[in-house]
Amino acid sequence: MYYFVTGGSRGIGAGIVEFAARRGHHVAFTYVSNAEAAERSKQAAEAAAKQAGHEGVQIRHYQLDVKDVERVEAVADQVLEDFETMEVIVNCAGVNRDNLMVAMSNEEWREVLATNLDGPFYVCRQFLQTLMANRFGRIINISSIQHEGGSGQANYAAAKAGLHGLTKTLAKEYGRRGITANVVVPGFFDTDMTRETMPQANKDYWKQYCPMPKGRMGKVDELAGVVDFLASEAGAFVNGEVINVTGGLGWTV
Ligand SMILES: NC(=O)c1ccc[n+]([C@@H]2O[C@H](COP(=O)([O-])OP(=O)(O)OC[C@H]3O[C@@H](n4cnc5c(N)ncnc54)[C@H](OP(=O)(O)O)[C@@H]3O)[C@@H](O)[C@H]2O)c1
(Lines give C-alpha, C1' and ligand atoms only; values in the text may rest on other atoms or scores of the structure.)
Protein backbone atom coordinates (compact mmCIF):
# COMPACT_ATOMS: atom_id res chain seq x y z
CA MET A 1 0.00 0.00 0.00
CA TYR A 2 0.92 3.66 -0.23
CA TYR A 3 1.28 5.66 3.00
CA PHE A 4 1.50 9.40 3.59
CA VAL A 5 2.62 10.19 7.15
CA THR A 6 3.01 13.72 8.53
CA GLY A 7 5.62 14.14 11.25
CA GLY A 8 7.46 10.99 10.20
CA SER A 9 10.92 12.24 11.10
CA ARG A 10 10.79 11.55 14.82
CA GLY A 11 8.96 9.77 17.64
CA ILE A 12 5.68 8.05 16.94
CA GLY A 13 5.59 9.13 13.28
CA ALA A 14 9.05 7.67 12.63
CA GLY A 15 7.85 4.44 14.26
CA ILE A 16 4.83 4.34 11.93
CA VAL A 17 7.06 4.94 8.88
CA GLU A 18 9.46 2.14 9.87
CA PHE A 19 6.69 -0.31 10.72
CA ALA A 20 4.92 0.31 7.40
CA ALA A 21 8.17 -0.14 5.48
CA ARG A 22 8.87 -3.40 7.31
CA ARG A 23 5.46 -4.61 6.14
CA GLY A 24 6.38 -3.79 2.54
CA HIS A 25 4.42 -0.56 2.10
CA HIS A 26 5.66 2.50 0.19
CA VAL A 27 5.89 5.59 2.38
CA ALA A 28 5.95 9.33 1.76
CA PHE A 29 6.51 11.17 5.01
CA THR A 30 7.09 14.75 6.13
CA TYR A 31 9.17 16.73 8.58
CA VAL A 32 9.04 20.44 9.30
CA SER A 33 12.60 21.48 10.20
CA ASN A 34 14.67 18.50 11.29
CA ALA A 35 16.11 17.28 7.98
CA GLU A 36 18.73 15.12 9.71
CA ALA A 37 16.09 13.26 11.71
CA ALA A 38 14.07 12.82 8.51
CA GLU A 39 17.07 11.27 6.78
CA ARG A 40 17.66 8.94 9.76
CA SER A 41 14.01 7.90 9.70
CA LYS A 42 14.21 7.22 5.95
CA GLN A 43 17.34 5.10 6.35
CA ALA A 44 15.85 3.14 9.26
CA ALA A 45 12.72 2.45 7.20
CA GLU A 46 14.73 1.36 4.17
CA ALA A 47 16.84 -0.96 6.33
CA ALA A 48 13.71 -2.43 7.94
CA ALA A 49 12.12 -3.06 4.54
CA LYS A 50 15.29 -4.69 3.23
CA GLN A 51 15.68 -6.86 6.30
CA ALA A 52 12.10 -8.05 5.87
CA GLY A 53 12.80 -8.96 2.24
CA HIS A 54 10.95 -6.04 0.63
CA GLU A 55 13.55 -4.77 -1.82
CA GLY A 56 11.35 -2.51 -3.97
CA VAL A 57 9.89 -0.40 -1.19
CA GLN A 58 10.01 3.34 -1.91
CA ILE A 59 10.56 5.77 0.98
CA ARG A 60 10.71 9.55 0.45
CA HIS A 61 10.63 12.51 2.77
CA TYR A 62 9.29 16.00 2.13
CA GLN A 63 9.68 19.26 4.02
CA LEU A 64 6.23 20.46 5.05
CA ASP A 65 4.80 22.82 7.62
CA VAL A 66 1.25 21.50 7.92
CA LYS A 67 0.05 24.95 9.02
CA ASP A 68 0.76 26.25 5.51
CA VAL A 69 -2.12 25.27 3.24
CA GLU A 70 -0.27 26.20 0.06
CA ARG A 71 2.65 23.96 1.01
CA VAL A 72 0.23 21.13 1.81
CA GLU A 73 -1.18 21.46 -1.70
CA ALA A 74 2.27 21.60 -3.31
CA VAL A 75 3.65 18.66 -1.34
CA ALA A 76 0.56 16.54 -2.01
CA ASP A 77 0.95 17.25 -5.75
CA GLN A 78 4.62 16.27 -5.59
CA VAL A 79 3.84 13.09 -3.63
CA LEU A 80 1.19 12.08 -6.16
CA GLU A 81 3.65 12.71 -8.97
CA ASP A 82 6.35 10.63 -7.24
CA PHE A 83 4.14 7.75 -6.06
CA GLU A 84 1.25 8.01 -8.58
CA THR A 85 -1.34 7.28 -5.91
CA MET A 86 -1.95 7.40 -2.16
CA GLU A 87 -4.05 5.14 0.06
CA VAL A 88 -3.27 5.53 3.77
CA ILE A 89 -3.13 9.03 5.27
CA VAL A 90 -1.69 9.30 8.78
CA ASN A 91 -1.80 12.70 10.48
CA CYS A 92 0.82 12.41 13.17
CA ALA A 93 2.60 15.81 13.17
CA GLY A 94 1.90 17.60 16.41
CA VAL A 95 3.20 20.14 18.88
CA ASN A 96 2.35 21.36 22.35
CA ARG A 97 2.84 24.80 23.90
CA ASP A 98 1.64 24.34 27.46
CA ASN A 99 0.48 27.14 29.70
CA LEU A 100 -2.30 27.70 32.16
CA MET A 101 -5.21 29.23 30.32
CA VAL A 102 -5.05 32.46 32.28
CA ALA A 103 -1.55 33.04 30.89
CA MET A 104 -1.88 31.38 27.48
CA SER A 105 -0.91 33.74 24.65
CA ASN A 106 -2.76 34.03 21.36
CA GLU A 107 0.39 32.68 19.68
CA GLU A 108 0.46 29.56 21.90
CA TRP A 109 -3.20 28.96 21.18
CA ARG A 110 -2.91 29.50 17.40
CA GLU A 111 0.31 27.50 16.94
CA VAL A 112 -1.17 24.38 18.52
CA LEU A 113 -4.58 24.66 16.85
CA ALA A 114 -2.97 25.38 13.48
CA THR A 115 -0.56 22.44 13.66
CA ASN A 116 -2.73 19.81 15.33
CA LEU A 117 -6.11 20.62 13.78
CA ASP A 118 -5.82 22.92 10.73
CA GLY A 119 -2.97 20.72 9.43
CA PRO A 120 -4.95 17.44 9.41
CA PHE A 121 -7.90 19.29 7.83
CA TYR A 122 -5.71 20.58 4.97
CA VAL A 123 -4.02 17.19 4.49
CA CYS A 124 -7.25 15.16 4.49
CA ARG A 125 -9.02 17.60 2.18
CA GLN A 126 -6.09 17.54 -0.23
CA PHE A 127 -5.91 13.75 -0.55
CA LEU A 128 -9.66 13.10 -0.58
CA GLN A 129 -9.92 13.50 -4.37
CA THR A 130 -7.38 10.72 -4.88
CA LEU A 131 -8.94 8.44 -2.26
CA MET A 132 -12.41 9.01 -3.74
CA ALA A 133 -11.18 8.32 -7.28
CA ASN A 134 -9.67 5.04 -6.01
CA ARG A 135 -12.80 4.29 -3.97
CA PHE A 136 -10.37 3.23 -1.27
CA GLY A 137 -8.70 5.05 1.58
CA ARG A 138 -7.64 4.81 5.20
CA ILE A 139 -7.38 8.00 7.23
CA ILE A 140 -5.76 7.61 10.63
CA ASN A 141 -5.46 10.63 12.89
CA ILE A 142 -3.22 10.60 15.95
CA SER A 143 -4.82 12.21 18.99
CA SER A 144 -3.95 12.20 22.70
CA ILE A 145 -5.61 11.25 25.98
CA GLN A 146 -5.54 15.00 26.60
CA HIS A 147 -8.51 15.33 24.21
CA GLU A 148 -10.56 15.00 27.38
CA GLY A 149 -8.81 18.04 28.85
CA GLY A 150 -5.48 18.44 30.60
CA SER A 151 -4.22 21.14 32.94
CA GLY A 152 -2.03 23.60 31.07
CA GLN A 153 -3.16 22.23 27.72
CA ALA A 154 -6.33 24.08 26.73
CA ASN A 155 -4.91 24.57 23.22
CA TYR A 156 -3.72 20.97 22.82
CA ALA A 157 -6.90 19.47 24.32
CA ALA A 158 -9.13 21.62 22.10
CA ALA A 159 -7.14 20.71 18.99
CA LYS A 160 -7.22 16.98 19.73
CA ALA A 161 -10.92 17.00 20.64
CA GLY A 162 -11.53 18.84 17.36
CA LEU A 163 -9.57 16.15 15.54
CA HIS A 164 -12.07 13.58 16.82
CA GLY A 165 -14.97 15.59 15.37
CA LEU A 166 -13.15 16.00 12.07
CA THR A 167 -12.38 12.28 11.86
CA LYS A 168 -15.89 11.12 12.73
CA THR A 169 -17.26 13.47 10.09
CA LEU A 170 -14.89 12.04 7.48
CA ALA A 171 -16.08 8.54 8.46
CA LYS A 172 -19.69 9.55 7.83
CA GLU A 173 -19.12 11.55 4.65
CA TYR A 174 -16.78 9.09 2.87
CA GLY A 175 -17.43 5.61 4.31
CA ARG A 176 -19.68 4.81 1.37
CA ARG A 177 -16.82 5.59 -0.98
CA GLY A 178 -14.59 2.97 0.61
CA ILE A 179 -12.71 5.41 2.82
CA THR A 180 -12.50 4.76 6.56
CA ALA A 181 -11.37 7.35 9.11
CA ASN A 182 -10.34 6.57 12.66
CA VAL A 183 -8.58 8.19 15.59
CA VAL A 184 -5.75 6.52 17.49
CA VAL A 185 -5.13 7.82 20.99
CA PRO A 186 -1.61 7.22 22.32
CA GLY A 187 -1.00 7.06 26.03
CA PHE A 188 2.51 7.92 27.16
CA PHE A 189 5.32 7.11 24.72
CA ASP A 190 8.97 8.00 25.16
CA THR A 191 9.56 10.61 22.42
CA ASP A 192 11.13 14.06 22.21
CA MET A 193 7.72 15.58 22.91
CA THR A 194 7.21 13.79 26.23
CA ARG A 195 10.90 13.93 27.17
CA GLU A 196 11.07 17.69 26.66
CA THR A 197 7.67 18.96 27.74
CA MET A 198 5.73 16.45 29.86
CA PRO A 199 5.56 17.58 33.50
CA GLN A 200 7.30 15.23 35.97
CA ALA A 201 4.05 14.98 37.97
CA ASN A 202 2.34 13.42 34.93
CA LYS A 203 5.22 10.97 34.45
CA ASP A 204 5.06 9.94 38.11
CA TYR A 205 1.29 9.58 37.87
CA TRP A 206 1.66 7.39 34.82
CA LYS A 207 4.24 5.13 36.44
CA GLN A 208 2.08 4.70 39.51
CA TYR A 209 -1.26 4.05 37.85
CA CYS A 210 -0.77 2.66 34.35
CA PRO A 211 -1.90 -0.99 34.58
CA MET A 212 1.13 -2.36 32.78
CA PRO A 213 4.23 -4.05 34.26
CA LYS A 214 6.12 -1.40 36.26
CA GLY A 215 3.76 1.25 34.87
CA ARG A 216 5.80 1.23 31.69
CA MET A 217 5.39 3.57 28.70
CA GLY A 218 4.25 2.42 25.29
CA LYS A 219 6.69 1.39 22.56
CA VAL A 220 6.21 3.08 19.19
CA ASP A 221 5.77 -0.30 17.48
CA GLU A 222 2.78 -0.95 19.72
CA LEU A 223 1.16 2.18 18.31
CA ALA A 224 2.34 1.58 14.75
CA GLY A 225 0.90 -1.94 14.86
CA VAL A 226 -2.56 -0.53 15.51
CA VAL A 227 -2.16 1.88 12.58
CA ASP A 228 -1.11 -1.10 10.45
CA PHE A 229 -4.24 -3.01 11.50
CA LEU A 230 -6.53 -0.08 10.66
CA ALA A 231 -4.91 0.23 7.23
CA SER A 232 -5.19 -3.49 6.54
CA GLU A 233 -8.04 -5.56 5.13
CA ALA A 234 -8.70 -6.85 8.66
CA GLY A 235 -9.53 -3.30 9.73
CA ALA A 236 -11.88 -2.56 6.82
CA PHE A 237 -15.08 -2.42 8.92
CA VAL A 238 -13.65 -0.18 11.65
CA ASN A 239 -14.84 3.34 10.83
CA GLY A 240 -15.29 6.50 12.89
CA GLU A 241 -13.76 4.89 15.98
CA VAL A 242 -11.48 6.20 18.69
CA ILE A 243 -8.94 3.54 19.59
CA ASN A 244 -6.97 3.94 22.80
CA VAL A 245 -3.42 2.62 22.87
CA THR A 246 -2.78 3.59 26.43
CA GLY A 247 -1.93 0.43 28.33
CA GLY A 248 -5.28 0.87 30.07
CA LEU A 249 -4.79 4.32 31.58
CA GLY A 250 -6.96 6.85 29.83
CA TRP A 251 -6.68 9.86 32.02
CA THR A 252 -4.00 12.20 33.36
CA VAL A 253 -3.99 15.16 35.73
N1 LIG B 1 4.63 10.89 22.71
C2 LIG B 1 3.50 10.69 23.35
O3 LIG B 1 3.46 10.08 24.44
C4 LIG B 1 2.21 11.20 22.77
C5 LIG B 1 1.08 11.07 23.55
C6 LIG B 1 -0.13 11.50 23.04
C7 LIG B 1 -0.20 12.00 21.75
N8 LIG B 1 0.91 12.12 21.00
C9 LIG B 1 0.75 12.65 19.63
O10 LIG B 1 1.50 11.86 18.74
C11 LIG B 1 2.00 12.67 17.67
C12 LIG B 1 3.50 12.50 17.58
O13 LIG B 1 4.07 12.88 18.82
P14 LIG B 1 5.60 12.59 19.17
O15 LIG B 1 5.66 12.41 20.63
O16 LIG B 1 6.13 11.55 18.25
O17 LIG B 1 6.23 14.03 18.82
P18 LIG B 1 7.73 14.47 18.47
O19 LIG B 1 8.69 13.40 18.85
O20 LIG B 1 7.88 15.82 19.06
O21 LIG B 1 7.69 14.59 16.86
C22 LIG B 1 6.88 15.57 16.28
C23 LIG B 1 6.86 15.37 14.77
O24 LIG B 1 5.96 16.34 14.19
C25 LIG B 1 6.68 17.14 13.23
N26 LIG B 1 6.11 18.49 13.23
C27 LIG B 1 6.04 19.36 14.26
N28 LIG B 1 5.46 20.51 13.88
C29 LIG B 1 5.13 20.36 12.58
C30 LIG B 1 4.52 21.18 11.60
N31 LIG B 1 4.12 22.44 11.88
N32 LIG B 1 4.34 20.69 10.36
C33 LIG B 1 4.73 19.45 10.05
N34 LIG B 1 5.32 18.60 10.92
C35 LIG B 1 5.53 19.07 12.17
C36 LIG B 1 8.13 17.06 13.67
O37 LIG B 1 9.01 17.37 12.57
P38 LIG B 1 10.57 17.78 12.84
O39 LIG B 1 11.28 16.49 13.19
O40 LIG B 1 11.03 18.37 11.56
O41 LIG B 1 10.57 18.75 13.98
C42 LIG B 1 8.20 15.61 14.12
O43 LIG B 1 8.31 14.74 13.01
C44 LIG B 1 1.55 14.10 17.97
O45 LIG B 1 0.38 14.39 17.25
C46 LIG B 1 1.26 14.08 19.47
O47 LIG B 1 0.31 15.04 19.82
C48 LIG B 1 2.12 11.74 21.49
Side-chain angles (χ1 to χ4, degrees), residues 4-19 27-42 44-45 61-72 74-76 90-98 107 110-123 140-148 150 153 155-164 166-167 183-199 202-203 205-207 210 216-224 226-227 242-247 249-252:
F4 179 77
V5 182
T6 67
S9 47
R10 291 186 287 124
I12 290 173
I16 293 169
V17 170
E18 187 175 331
F19 197 101
V27 187
F29 75 88
T30 73
Y31 65 97
V32 64
S33 58
N34 200 331
E36 279 178 23
E39 188 53 32
R40 276 197 300 277
S41 175
K42 179 178 188 282
H61 50 57
Y62 302 81
Q63 193 283 328
L64 171 66
D65 184 341
V66 294
K67 301 191 295 294
D68 181 344
V69 66
E70 286 173 10
R71 277 289 296 156
V72 171
V75 168
V90 184
N91 283 293
C92 189
V95 291
N96 50 12
R97 299 280 181 269
D98 296 359
E107 290 70 29
R110 269 311 325 147
E111 169 78 12
V112 172
L113 266 290
T115 307
N116 298 9
L117 185 56
D118 296 3
F121 166 68
Y122 298 147
V123 168
I140 300 157
N141 290 331
I142 308 299
S143 175
S144 162
I145 49 178
Q146 252 66 355
H147 73 271
E148 294 187 9
Q153 296 196 304
N155 48 4
Y156 189 73
K160 294 299 191 183
L163 191 59
H164 291 213
L166 173 78
T167 311
V183 174
V184 175
V185 178
F188 176 24
F189 289 73
D190 185 21
T191 66
D192 293 342
M193 179 182 275
T194 49
R195 241 171 273 134
E196 286 161 16
T197 63
M198 190 166 172
N202 286 24
K203 291 181 183 168
Y205 179 88
W206 189 273
K207 204 172 175 80
C210 180
R216 73 169 176 87
M217 294 177 285
K219 300 171 190 159
V220 287
D221 266 7
E222 293 167 335
L223 196 293
V226 174
V227 169
V242 176
I243 299 172
N244 290 323
V245 187
T246 62
L249 183 64
W251 183 83
T252 57

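The structure presented is a predicted model; accordingly, all values stated were derived computationally and were not measured. In each ligand, atom 1 is the first atom listed, and ligand 1 is the first ligand listed.
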Q. So which protein heavy atom does atom 44 (C) of ligand 1 come closest to, and at what separation?
A. Cys92 O, 3.2 Å
Q) Side-chain contact, heavy-atom cut-off 4.5 Å: Phe188 with Asn202? A) no
Q: Please report the closest heavy-atom contact between Asp221 and Phe19, naming both atoms and the distance.
A: OD1-CD1, 3.6 Å
Q. Who's the nearest protein heavy-atom neighbour of atom 32 (N) of ligand 1, and how far?
A. Val66 N, 3.0 Å
Q) Which ligand 1 atoms does Val95 reach within 4.0 Å, using its non-hydrogen atoms? A) 27 (C), 28 (N)
Q: Mind checking whether Lys160 contacts ligand 1 via backbone (N, CA, C, O), side chain (CB onward), both or neither, at a 4.0 Å heavy-atom cut-off?
A: side chain
Q: Measure the distances from the heavy atoms of Ala37 to every atom of ligand 1 and state whether one is below 4.0 angstrom.
A: no
Q: Give me the ring orientation class for His164 and His147: parallel if the planes are under 30° apart, tilted from 30 to 60°, perpendicular past 60°.
A: tilted
Q. Taking the side chain as C-beta and beyond, is there a heavy-atom pair between Ile142 and Leu223 under 4.5 Å?
A. yes
Q: Please say whether Arg10 places an N or O atom under 3.5 Å from an N or O atom belonging to ligand 1.
A: yes
Q: Please confirm whether Gly218 comes under 4.0 Å of ligand 1, counting heavy atoms of the residue only.
A: no
(Q) Suppose we measure from atom 3 (O) of ligand 1 to each protein heavy atom; which comes out shortest, and what is that distance? (A) Phe189 N, 2.7 Å
Q. Which atoms of ligand 1 sit under 4.0 Å from any heavy atom of Asp192?
A. 19 (O)
(Q) Quick one, Val242 and Ser143 - any side-chain contact, counting heavy atoms below 4.5 Å? (A) no
Q | Sub-4.0 Å heavy-atom contact, Thr194 with ligand 1 | A | yes
Q: Measure the distance from atom 46 (C) of ligand 1 to every protein heavy atom, then report the residue, atom name and distance (to 0.1 Å) of the closest one.
A: Tyr156 OH, 3.4 Å
Q.
I need the nearest protein heavy-atom contact for atom 33 (C) of ligand 1: residue, atom name and distance, please.
A. Leu64 O, 3.0 Å
Q | Any Thr115 heavy atom less than 4.0 Å from ligand 1 | A | yes
Q: Answer with side chain, backbone, both or neither: which part of Lys67 has a heavy atom less than 4.0 angstrom from an atom of ligand 1?
A: side chain
**Q.** N-O pairing of Arg216 and Asp190 below 4.0 Å
**A.** no
Q | Nearest neighbour of atom 22 (C) of ligand 1 from the list Ser41, Ser143, Gly11, Gly94, on a heavy-atom basis | A | Gly94
Q) Checking side-chain contact (heavy atoms from CB on, under 4.5 Å) for the pair Gln146/Lys160: CA distance, chi angles, key distance, verdict? A) CA-CA 7 Å; Gln146 252 66 355; Lys160 294 299 191 183; 5.7 Å; no
Q: List the closest protein heavy-atom neighbour of atom 29 (C) of ligand 1: residue, atom name, distance to the nearest 0.1 Å.
A: Val32 CG1, 3.6 Å
Q | Top protein contact for atom 25 (C) of ligand 1, by heavy-atom distance | A | Gly7 CA, 3.7 Å
(Q) Please determine whether the number of non-hydrogen atoms from other residues, nucleotides or ligands lying under 6.0 Å from atom CD of Glu196 exceeds 12. (A) yes
**Q.** Ligand-residue contact atoms, ligand 1 with Phe188, heavy atoms, under 4.0 Å
**A.** 3 (O)
Q: For Ser33, take its heavy atoms, then give the atoms of ligand 1 lying under 4.0 Å from any of them.
A: 40 (O), 41 (O)
**Q.** Residues that Phe4 engages under ring-ring contact (aromatic ring centres under 6.0 Å, His included), provided they are two or more places apart
**A.** Phe127
Q.
Just to verify, what does Glu36 make a side chain to side chain contact (heavy atoms under 4.5 Å, CB included) with, not counting sequence neighbours?
A. Asn34, Arg40
Q: Pull out every atom of ligand 1 sitting under 4.0 Å from any heavy atom of Asp65, numbered as shown with elements.
A: 30 (C), 31 (N), 32 (N)
Q. Step by step, would you call Asp65 with Lys67 a salt bridge (Lys or Arg N to Asp or Glu O under 4.0 Å)?
A. CA-CA 5 Å; Asp65 184 341; Lys67 301 191 295 294; 3.0 Å; yes
Q. Considering only heavy atoms from C-beta outward, does the side chain of Thr30 approach that of Gln63 to under 4.5 Å?
A. no
Q) Any nitrogen or oxygen of Asn34, main chain or side chain, under 3.5 Å from a nitrogen or oxygen of ligand 1? A) yes
Q) Which pair of non-hydrogen atoms, one from Lys219 and one from Phe189, has the smallest distance, and what is that distance? A) O-CE2, 3.2 Å
**Q.** Pair Phe29-Lys42, side-chain contact (heavy atoms from CB on, under 4.5 Å): steps then yes or no
**A.** CA-CA 9 Å; Phe29 75 88; Lys42 179 178 188 282; 4.1 Å; yes
Q) Is there a side-chain contact between Asn116 and Leu163, using heavy atoms and a 4.5 Å cut-off? A) no
Q. Atoms of ligand 1 less than 4.0 Å from Ser144 heavy atoms?
A. 6 (C), 7 (C)
Q: Please determine if Ile12 has a nitrogen or oxygen closer than 3.5 Å to a nitrogen or oxygen of ligand 1.
A: yes
(Q) For atom 1 (N) of ligand 1, what is the closest protein heavy atom, and at what distance to 0.1 Å? (A) Thr191 OG1, 3.0 Å
Q) Any N/O of Gly13 closer than 3.5 Å to an N/O of ligand 1? A) no
Q) Does Ser9 reach ligand 1 with a nitrogen or oxygen that is under 3.5 Å from one of the ligand's nitrogen or oxygen atoms? A) yes
